[in-house]
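Presented below is the structure to which this report refers.
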Amino acid sequence: MAYTARVRLPGSLGQLLRSEMEQAISEANLGNSDSLIAKRYLLERIPQIDIAIELDLERSTISRRLPSIIDRVEKTAQRLSAQKIT
């Protein structure tokens, strides 16, 4: 029996268009590894365990890094949104 994990985006990120999310990830200056984690998790909605296997890391490492990645992407998205308005 195969199990699947659900990826839940924080409220503010769940409202972004894909192109806006891509831009926020790109401009968040996360570094190569964290950018890949952000793309896989936030854009492609790949479960943490699958990302961990792909990057040869523990799932707990992905889980520990995600809050700061999400925080930086959220802040960048907010900044980009504010720039659009002005």
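Values in this document were obtained by computation on a predicted structure and should not be read as measured data.
- Side-chain contact between L30 and L36 is absent, with no heavy-atom pair separated by less than 4.5 Å.
- In this structure the side chain of Y41 reaches within 4.5 angstrom of the side chain of I70, judged on heavy atoms.
- Considering only heavy atoms from C-beta on, L43 comes within 4.5 Å of E22 through its side chain.
- Under the side chain to side chain donor-acceptor pair (under 3.5 Å) criterion, E58 pairs with no residue at all, not counting sequence neighbours.
- Listed for the S35 side chain is a donor-acceptor partner under 3.5 Å among the backbone atoms of G31.
- When all heavy atoms of A77 and L16 are compared, the pair lying nearest together is CB-CD1, 3.7 Å.
- Looking at Q23 and E27, their side chains do bring a donor and an acceptor atom within 3.5 Å of each other.
- Listed here is the closest heavy atom pair of R72 and A28: NH2-O, 2.9 Å.
- Classification of R40 and E54 as a salt-bridged pair holds, one side-chain N sitting under 4.0 Å from a carboxylate O.
- Of the inter-residue distances, the one linking L55 atom CG with I37 atom CD1 reads 5.5 Å to the nearest 0.5 angstrom.
- Rounding to the nearest 0.5 Å places CZ of R64 at 9.5 Å from CG of L57.
- Inter-residue side-chain proximity for R65 and S33 is flagged as met; some heavy-atom pair is nearer than 4.5 Å.
- A pairwise comparison of heavy atoms in M21 and L42 identifies SD-CB, 4.0 Å as the closest pair.
- To the nearest 0.5 Å, atoms CD (Q15) and OG (S81) are separated by 10.0 Å.
- To the nearest 0.5 Å, atom CD1 of residue I62 and atom CD1 of residue I51 are 6.0 Å apart.
- A distance of 7.5 Å separates CG in N29 from OG1 in T76, rounded to the nearest 0.5 Å.
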